[in-house]
Number of protein chains: 2
Amino acid sequence: MFSKACQYAIRAVLYIATQSEQGRRTSLKDISKEIDSPEAFTAKILQQLSKNSILLSIKGPNGGFEIPDETMKRVKLIEIVRIIDGDQLFTGCALGLKACNEEKPCPLHNQFLGIRTNIHQLLENTTIKKLVNDLELGLTFLKR
Amino acid sequence: MFSKACQYAIRAVLYIATQSEQGRRTSLKDISKEIDSPEAFTAKILQQLSKNSILLSIKGPNGGFEIPDETMKRVKLIEIVRIIDGDQLFTGCALGLKACNEEKPCPLHNQFLGIRTNIHQLLENTTIKKLVNDLELGLTFLKR
DNA sequence: ATTATTTAGGATAAATTTGTCCGAAATAAA
DNA sequence: TTTATTTCGGACAAATTTATCCTAAATAAT
(Lines give C-alpha, C1' and ligand atoms only; values in the text may rest on other atoms or scores of the structure.)
Protein backbone atom coordinates (compact mmCIF):
# COMPACT_ATOMS: atom_id res chain seq x y z
CA MET A 1 0.00 0.00 0.00
CA PHE A 2 2.55 2.56 1.18
CA SER A 3 6.28 2.39 0.44
CA LYS A 4 8.60 1.77 3.37
CA ALA A 5 9.76 5.36 3.08
CA CYS A 6 6.17 6.50 3.49
CA GLN A 7 5.55 4.20 6.43
CA TYR A 8 8.66 5.57 8.15
CA ALA A 9 7.54 9.09 7.30
CA ILE A 10 4.16 8.68 8.94
CA ARG A 11 5.57 6.87 11.95
CA ALA A 12 8.26 9.53 12.40
CA VAL A 13 5.84 12.42 12.08
CA LEU A 14 3.52 10.87 14.64
CA TYR A 15 6.35 10.25 17.07
CA ILE A 16 7.75 13.76 16.66
CA ALA A 17 4.25 15.10 17.16
CA THR A 18 3.69 13.23 20.42
CA GLN A 19 6.98 14.66 21.67
CA SER A 20 6.17 18.17 20.47
CA GLU A 21 2.89 17.94 22.37
CA GLN A 22 4.95 17.44 25.52
CA GLY A 23 7.14 20.38 24.61
CA ARG A 24 10.04 18.11 23.75
CA ARG A 25 12.21 18.46 20.66
CA THR A 26 13.41 15.07 19.41
CA SER A 27 16.57 14.01 17.60
CA LEU A 28 16.97 11.77 14.58
CA LYS A 29 18.61 9.20 16.81
CA ASP A 30 15.68 9.09 19.20
CA ILE A 31 13.19 8.98 16.40
CA SER A 32 14.74 6.08 14.54
CA LYS A 33 15.17 4.20 17.80
CA GLU A 34 11.57 4.78 18.82
CA ILE A 35 9.98 3.95 15.49
CA ASP A 36 12.53 1.21 14.71
CA SER A 37 13.76 2.59 11.39
CA PRO A 38 17.21 2.88 9.76
CA GLU A 39 18.72 6.15 10.94
CA ALA A 40 20.33 7.53 7.78
CA PHE A 41 17.39 6.56 5.62
CA THR A 42 15.03 8.18 8.06
CA ALA A 43 17.18 11.33 7.92
CA LYS A 44 16.53 11.64 4.17
CA ILE A 45 12.83 11.31 4.70
CA LEU A 46 12.74 13.88 7.48
CA GLN A 47 14.73 16.21 5.24
CA GLN A 48 12.05 15.93 2.59
CA LEU A 49 9.31 16.53 5.11
CA SER A 50 10.96 19.61 6.57
CA LYS A 51 11.60 21.00 3.09
CA ASN A 52 7.88 20.65 2.56
CA SER A 53 7.18 22.36 5.88
CA ILE A 54 5.54 19.35 7.47
CA LEU A 55 8.04 19.69 10.29
CA LEU A 56 10.72 21.96 11.67
CA SER A 57 14.36 20.94 11.86
CA ILE A 58 16.87 22.61 14.14
CA LYS A 59 20.61 22.02 13.78
CA GLY A 60 23.24 21.99 16.47
CA PRO A 61 23.40 20.76 20.05
CA ASN A 62 19.96 20.15 21.44
CA GLY A 63 18.69 20.35 17.88
CA GLY A 64 16.24 17.96 16.34
CA PHE A 65 12.73 17.97 14.96
CA GLU A 66 9.50 19.60 16.02
CA ILE A 67 5.96 20.00 14.82
CA PRO A 68 4.13 23.12 15.96
CA ASP A 69 0.65 22.52 17.28
CA GLU A 70 -0.80 24.62 14.49
CA THR A 71 0.90 22.37 11.93
CA MET A 72 -0.34 19.10 13.32
CA LYS A 73 -3.85 20.48 13.39
CA ARG A 74 -3.57 21.59 9.78
CA VAL A 75 -1.58 18.80 8.10
CA LYS A 76 -3.46 15.78 6.81
CA LEU A 77 -2.07 12.34 6.09
CA ILE A 78 -2.60 12.82 2.38
CA GLU A 79 0.04 15.55 2.30
CA ILE A 80 2.68 13.25 3.73
CA VAL A 81 1.73 10.45 1.37
CA ARG A 82 1.81 12.82 -1.62
CA ILE A 83 5.28 14.09 -0.70
CA ILE A 84 6.79 10.63 -0.30
CA ASP A 85 4.81 8.33 -2.61
CA GLY A 86 2.96 10.66 -4.94
CA ASP A 87 -0.72 10.13 -5.64
CA GLN A 88 -0.72 6.95 -7.74
CA LEU A 89 -2.35 5.08 -4.85
CA PHE A 90 -5.58 7.03 -5.11
CA THR A 91 -5.45 8.32 -8.69
CA GLY A 92 -3.78 5.55 -10.71
CA CYS A 93 -5.38 2.56 -12.43
CA ALA A 94 -5.30 -0.70 -10.46
CA LEU A 95 -4.05 -2.55 -13.53
CA GLY A 96 -1.57 0.16 -14.52
CA LEU A 97 -3.42 1.28 -17.66
CA LYS A 98 -2.73 4.88 -18.59
CA ALA A 99 -5.90 5.20 -20.60
CA CYS A 100 -8.19 3.87 -17.90
CA ASN A 101 -11.02 6.23 -17.01
CA GLU A 102 -14.76 6.48 -16.62
CA GLU A 103 -15.34 6.19 -20.36
CA LYS A 104 -12.83 3.42 -21.02
CA PRO A 105 -12.63 1.63 -17.70
CA CYS A 106 -10.27 -1.26 -17.07
CA PRO A 107 -11.87 -4.51 -15.86
CA LEU A 108 -11.27 -3.52 -12.24
CA HIS A 109 -12.07 0.17 -12.55
CA ASN A 110 -15.53 0.12 -11.07
CA GLN A 111 -14.70 -2.41 -8.40
CA PHE A 112 -11.86 -0.22 -7.17
CA LEU A 113 -13.63 3.08 -7.48
CA GLY A 114 -15.14 2.82 -4.04
CA ILE A 115 -11.97 1.60 -2.42
CA ARG A 116 -9.88 4.35 -3.93
CA THR A 117 -12.40 6.94 -2.86
CA ASN A 118 -12.34 5.52 0.65
CA ILE A 119 -8.57 5.68 0.82
CA HIS A 120 -8.58 9.21 -0.53
CA GLN A 121 -11.20 10.39 1.94
CA LEU A 122 -9.49 8.69 4.83
CA LEU A 123 -6.17 10.37 4.04
CA GLU A 124 -7.89 13.65 3.32
CA ASN A 125 -9.84 13.67 6.56
CA THR A 126 -7.18 12.48 8.96
CA THR A 127 -4.98 15.11 10.55
CA ILE A 128 -1.78 14.36 12.40
CA LYS A 129 -3.33 15.82 15.53
CA LYS A 130 -6.20 13.36 15.47
CA LEU A 131 -3.83 10.40 15.29
CA VAL A 132 -1.63 11.85 18.01
CA ASN A 133 -4.58 12.11 20.36
CA ASP A 134 -5.25 8.37 20.06
CA LEU A 135 -1.59 7.67 20.72
CA GLU A 136 -1.60 9.82 23.84
CA LEU A 137 -4.75 8.17 25.11
CA GLY A 138 -2.95 4.84 24.79
CA LEU A 139 -5.52 3.67 22.25
CA THR A 140 -2.90 3.08 19.55
CA PHE A 141 0.79 2.18 19.41
CA LEU A 142 3.84 2.96 17.29
CA LYS A 143 6.36 0.28 18.21
CA ARG A 144 7.30 -2.75 16.07
CA MET B 1 -1.45 -1.25 -4.85
CA PHE B 2 -0.43 -4.19 -7.04
CA SER B 3 3.11 -4.77 -8.30
CA LYS B 4 3.68 -4.48 -12.03
CA ALA B 5 4.10 -8.23 -12.21
CA CYS B 6 0.68 -8.63 -10.65
CA GLN B 7 -0.91 -6.09 -13.00
CA TYR B 8 0.55 -7.96 -15.97
CA ALA B 9 -0.63 -11.23 -14.48
CA ILE B 10 -4.23 -10.09 -14.18
CA ARG B 11 -4.24 -8.45 -17.58
CA ALA B 12 -2.71 -11.54 -19.20
CA VAL B 13 -5.13 -13.92 -17.53
CA LEU B 14 -8.08 -11.83 -18.62
CA TYR B 15 -6.83 -11.64 -22.19
CA ILE B 16 -6.12 -15.37 -22.35
CA ALA B 17 -9.57 -15.99 -20.92
CA THR B 18 -11.35 -13.89 -23.55
CA GLN B 19 -9.49 -15.85 -26.21
CA SER B 20 -10.24 -19.19 -24.58
CA GLU B 21 -13.90 -18.25 -24.53
CA GLN B 22 -13.68 -17.98 -28.30
CA GLY B 23 -11.97 -21.36 -28.48
CA ARG B 24 -8.64 -19.74 -29.35
CA ARG B 25 -5.34 -20.67 -27.78
CA THR B 26 -3.04 -17.64 -27.51
CA SER B 27 0.74 -17.31 -27.64
CA LEU B 28 3.05 -15.33 -25.37
CA LYS B 29 3.78 -13.05 -28.29
CA ASP B 30 0.10 -12.24 -28.83
CA ILE B 31 -0.52 -11.78 -25.16
CA SER B 32 2.28 -9.33 -24.54
CA LYS B 33 1.33 -7.42 -27.66
CA GLU B 34 -2.32 -7.22 -26.66
CA ILE B 35 -1.78 -6.27 -23.05
CA ASP B 36 1.27 -4.11 -23.82
CA SER B 37 3.73 -5.86 -21.53
CA PRO B 38 7.40 -6.89 -21.87
CA GLU B 39 7.43 -10.33 -23.47
CA ALA B 40 10.15 -12.13 -21.51
CA PHE B 41 8.97 -10.73 -18.21
CA THR B 42 5.43 -11.76 -18.99
CA ALA B 43 6.71 -15.27 -19.80
CA LYS B 44 8.02 -15.62 -16.25
CA ILE B 45 4.72 -14.56 -14.82
CA LEU B 46 2.71 -16.93 -17.00
CA GLN B 47 5.07 -19.72 -15.98
CA GLN B 48 4.24 -19.04 -12.34
CA LEU B 49 0.55 -18.98 -13.08
CA SER B 50 0.59 -22.24 -15.00
CA LYS B 51 2.64 -23.92 -12.26
CA ASN B 52 -0.13 -22.86 -9.92
CA SER B 53 -2.76 -24.25 -12.32
CA ILE B 54 -4.36 -20.90 -13.01
CA LEU B 55 -3.78 -21.58 -16.69
CA LEU B 56 -2.67 -24.25 -19.12
CA SER B 57 0.49 -23.95 -21.18
CA ILE B 58 1.12 -25.97 -24.33
CA LYS B 59 4.55 -26.12 -25.96
CA GLY B 60 5.39 -26.47 -29.59
CA PRO B 61 3.93 -25.14 -32.84
CA ASN B 62 0.46 -23.77 -32.29
CA GLY B 63 1.15 -23.91 -28.58
CA GLY B 64 0.36 -21.16 -26.16
CA PHE B 65 -1.88 -20.57 -23.19
CA GLU B 66 -5.46 -21.48 -22.36
CA ILE B 67 -7.88 -21.23 -19.48
CA PRO B 68 -10.60 -23.88 -19.35
CA ASP B 69 -14.07 -22.56 -18.75
CA GLU B 70 -14.28 -24.48 -15.50
CA THR B 71 -11.10 -22.73 -14.30
CA MET B 72 -12.23 -19.21 -15.06
CA LYS B 73 -15.46 -19.87 -13.22
CA ARG B 74 -13.60 -21.20 -10.21
CA VAL B 75 -10.55 -18.94 -9.95
CA LYS B 76 -10.87 -15.69 -8.04
CA LEU B 77 -8.67 -12.62 -8.34
CA ILE B 78 -7.33 -13.17 -4.86
CA GLU B 79 -5.59 -16.36 -5.98
CA ILE B 80 -3.67 -14.55 -8.70
CA VAL B 81 -2.73 -11.74 -6.33
CA ARG B 82 -1.59 -14.24 -3.68
CA ILE B 83 0.60 -16.11 -6.15
CA ILE B 84 2.33 -12.99 -7.47
CA ASP B 85 2.29 -10.47 -4.61
CA GLY B 86 1.49 -12.51 -1.53
CA ASP B 87 -1.14 -11.31 0.92
CA GLN B 88 0.54 -8.31 2.54
CA LEU B 89 -1.95 -6.01 0.80
CA PHE B 90 -4.90 -7.32 2.77
CA THR B 91 -3.21 -8.80 5.85
CA GLY B 92 -0.22 -6.53 6.59
CA CYS B 93 -0.14 -3.38 8.70
CA ALA B 94 -0.45 -0.11 6.80
CA LEU B 95 2.52 1.30 8.71
CA GLY B 96 4.57 -1.89 8.42
CA LEU B 97 4.42 -2.82 12.12
CA LYS B 98 4.77 -6.53 12.77
CA ALA B 99 3.10 -6.33 16.14
CA CYS B 100 0.04 -4.44 14.92
CA ASN B 101 -3.23 -6.17 15.72
CA GLU B 102 -6.61 -5.68 17.31
CA GLU B 103 -5.13 -5.48 20.82
CA LYS B 104 -2.16 -3.28 19.94
CA PRO B 105 -3.36 -1.38 16.88
CA CYS B 106 -1.14 1.05 14.99
CA PRO B 107 -2.47 4.60 14.61
CA LEU B 108 -4.01 3.70 11.23
CA HIS B 109 -5.24 0.23 12.10
CA ASN B 110 -8.89 1.04 12.61
CA GLN B 111 -9.04 3.50 9.75
CA PHE B 112 -7.72 0.88 7.35
CA LEU B 113 -9.68 -2.03 8.72
CA GLY B 114 -12.65 -1.30 6.50
CA ILE B 115 -10.59 -0.63 3.42
CA ARG B 116 -8.58 -3.80 3.80
CA THR B 117 -11.74 -5.78 4.32
CA ASN B 118 -13.22 -4.22 1.20
CA ILE B 119 -10.16 -5.11 -0.86
CA HIS B 120 -10.16 -8.63 0.50
CA GLN B 121 -13.83 -9.16 -0.23
CA LEU B 122 -13.54 -7.67 -3.68
CA LEU B 123 -10.69 -9.99 -4.60
CA GLU B 124 -12.39 -12.92 -2.92
CA ASN B 125 -15.68 -12.39 -4.71
CA THR B 126 -14.44 -11.61 -8.19
CA THR B 127 -13.93 -14.54 -10.52
CA ILE B 128 -12.05 -14.33 -13.79
CA LYS B 129 -15.22 -15.29 -15.60
CA LYS B 130 -17.12 -12.33 -14.22
CA LEU B 131 -14.48 -9.90 -15.45
CA VAL B 132 -14.30 -11.61 -18.84
CA ASN B 133 -18.04 -11.16 -19.31
CA ASP B 134 -17.72 -7.39 -18.92
CA LEU B 135 -14.84 -7.37 -21.39
CA GLU B 136 -16.88 -9.31 -23.95
CA LEU B 137 -19.83 -7.03 -23.51
CA GLY B 138 -17.52 -4.13 -24.33
CA LEU B 139 -18.16 -2.63 -20.92
CA THR B 140 -14.46 -2.69 -19.97
CA PHE B 141 -11.12 -2.53 -21.78
CA LEU B 142 -7.64 -3.99 -21.49
CA LYS B 143 -5.48 -1.83 -23.71
CA ARG B 144 -3.00 0.85 -22.53
C1' DA C 1 37.60 30.96 19.46
C1' DT C 2 37.09 26.10 20.14
C1' DT C 3 34.65 22.16 20.71
C1' DA C 4 30.80 19.12 20.68
C1' DT C 5 26.38 18.10 18.84
C1' DT C 6 23.11 17.76 15.50
C1' DT C 7 20.93 18.14 10.76
C1' DA C 8 22.03 18.64 5.44
C1' DG C 9 23.44 16.68 1.45
C1' DG C 10 26.27 14.14 -1.77
C1' DA C 11 28.23 9.72 -3.04
C1' DT C 12 27.90 5.07 -2.78
C1' DA C 13 26.11 0.40 -1.84
C1' DA C 14 22.75 -3.33 -1.06
C1' DA C 15 18.37 -5.34 -2.00
C1' DT C 16 14.42 -5.84 -4.65
C1' DT C 17 11.74 -5.50 -8.67
C1' DT C 18 11.55 -5.27 -13.39
C1' DG C 19 13.22 -6.69 -17.59
C1' DT C 20 16.38 -9.27 -21.24
C1' DC C 21 18.90 -13.09 -23.50
C1' DC C 22 19.71 -17.50 -24.80
C1' DG C 23 19.95 -22.45 -24.99
C1' DA C 24 17.05 -26.56 -23.62
C1' DA C 25 12.88 -29.13 -23.91
C1' DA C 26 8.61 -30.28 -26.04
C1' DT C 27 5.93 -31.04 -29.93
C1' DA C 28 3.55 -30.47 -34.36
C1' DA C 29 4.22 -30.61 -39.24
C1' DA C 30 6.86 -31.48 -43.34
C1' DT D 1 13.87 -37.80 -38.94
C1' DT D 2 14.41 -33.11 -39.58
C1' DT D 3 12.77 -28.62 -39.00
C1' DA D 4 10.12 -24.95 -37.20
C1' DT D 5 7.57 -23.18 -33.41
C1' DT D 6 6.65 -22.38 -28.86
C1' DT D 7 7.16 -22.57 -23.73
C1' DC D 8 10.72 -23.47 -19.83
C1' DG D 9 14.29 -22.14 -17.05
C1' DG D 10 18.67 -20.33 -15.86
C1' DA D 11 21.84 -16.49 -16.05
C1' DC D 12 22.32 -11.89 -16.50
C1' DA D 13 21.23 -6.74 -16.69
C1' DA D 14 18.79 -2.43 -15.74
C1' DA D 15 15.97 0.33 -12.83
C1' DT D 16 14.11 1.47 -8.56
C1' DT D 17 13.85 1.39 -3.69
C1' DT D 18 16.02 0.96 0.51
C1' DA D 19 19.94 1.79 3.19
C1' DT D 20 24.80 3.42 4.55
C1' DC D 21 28.81 6.52 4.98
C1' DC D 22 31.12 10.60 5.22
C1' DT D 23 31.98 15.53 5.02
C1' DA D 24 29.88 20.07 5.39
C1' DA D 25 27.09 23.41 7.72
C1' DA D 26 24.85 25.25 11.64
C1' DT D 27 24.76 26.33 16.31
C1' DA D 28 24.88 25.95 21.38
C1' DA D 29 27.91 25.61 25.22
C1' DT D 30 32.48 25.95 27.18
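Just so it is clear, the model here is predicted, and its values are computed rather than measured.
- A:Gly63 comes within contact range of the sugar-phosphate backbone alone, with a heavy-atom separation under 4.0 Å but no base atom that close.
- A side-chain donor-acceptor contact under 3.5 Å links A:Asp85 and A:Ser3.
- Taking the nucleotide of DNA chain D with the nearest heavy atom to each of A:Cys6 and B:Ala43, the more 5' of the two is matched to B:Ala43.
- In this structure, B:Phe2 is a member of the same hydrophobic cluster as B:Ile83, with clusters built from ILVMFWY side-chain heavy atoms closer than 4.5 Å.
- Between the C1' atom of D:dT7 and the CG atom of B:Asn62 lies a distance of 13 Å, rounded to the nearest Å.
- Across the protein-nucleic acid pair, B:Leu28 atom CG and C:dC21 atom P stand 14 Å apart, rounded to whole Å.
- Contact annotation: the side chain of B:Arg116 never approaches that of B:Thr91 to less than 4.5 Å [non-hydrogen atoms, C-beta and beyond].
- At a threshold of 4.0 angstrom between heavy atoms, the contacts of B:Ile58 are confined to the sugar-phosphate backbone, with no base atom among them.
- Of the listed nucleotides (C:dT18, D:dC21, C:dT6), C:dT18 has the atom at the smallest distance from the side chain of B:Ala5.
- The side chain of A:Lys59 has C:dA8 as its nearest neighbour among C:dA8, C:dG9, C:dC21.
- Of the candidates D:dA19, D:dT7, C:dT20, the closest approach to any side-chain atom of B:Ser57 belongs to D:dT7.
- For the pair A:Lys29 and B:Pro61, both in contact range of DNA chain C, the more 5′-proximal nearest nucleotide belongs to A:Lys29.
- Remark: P of C:dG10 and CD of A:Gln48 are 13 Å apart, rounded to the nearest angstrom.
- For the pair A:Phe41 CZ and C:dA11 C1', the interatomic distance rounds to 16 Å; values are reported in whole Å.
- Summarising the geometry, the separation between CZ on A:Phe65 and C1' on D:dT27 is reported as 15 Å, rounded to the nearest angstrom.
- B:Thr42 and B:Ser37 share a side-chain donor-acceptor pair at under 3.5 Å.
- A distance-only check finds a donor-acceptor pair linking the side chain of A:Asn52 to the backbone of A:Gln48 [under 3.5 Å].
- Counting distance only, with no hydrogens placed and no angle test, the side-chain atoms of B:Lys51 and the base atoms of D:dG9 include no donor-acceptor pair under 3.5 Å.
- Note: CG (A:Leu56) to C1' (D:dA26) measures 15 Å, nearest angstrom.
- Atom CG in B:Leu46 sits about 12 Å away from atom C1' in D:dC8, given to the nearest Å.
- Here C:dT20 is the nucleotide among C:dG9, C:dT20, D:dA28 with the atom lying nearest to any side-chain atom of B:Pro38.
- Across the interface with DNA chain D, nearest-nucleotide mapping of A:Gly60 and A:Phe2 shows A:Phe2 to be the residue nearer the 5′ end.
- Whole-Å rounding puts the B:Arg25 CZ to D:dT7 P distance at 10 Å.
- Relative to the side chain of A:Ser3, the nucleotides C:dT18, D:dT18, D:dT7 differ in distance, and D:dT18 lies closest.
- An OP1 or OP2 oxygen of C:dA8 is reached within less than 4.0 angstrom by a side-chain nitrogen or oxygen of A:Ser50.
- For D:dA19, one of the phosphate oxygens OP1 or OP2 lies less than 4.0 angstrom from a side-chain nitrogen or oxygen of A:Tyr8.
- A close approach under 4.0 Å does not occur between any side-chain nitrogen or oxygen of A:Gln47 and OP1 or OP2 of C:dT7.
- Between B:Leu56 and B:Phe65 there is no side-chain heavy-atom pair separated by less than 4.5 Å.
- Side-chain N/O atoms of A:Lys44 and base N/O atoms of C:dG10 include a donor-acceptor pair closer than 3.5 Å.
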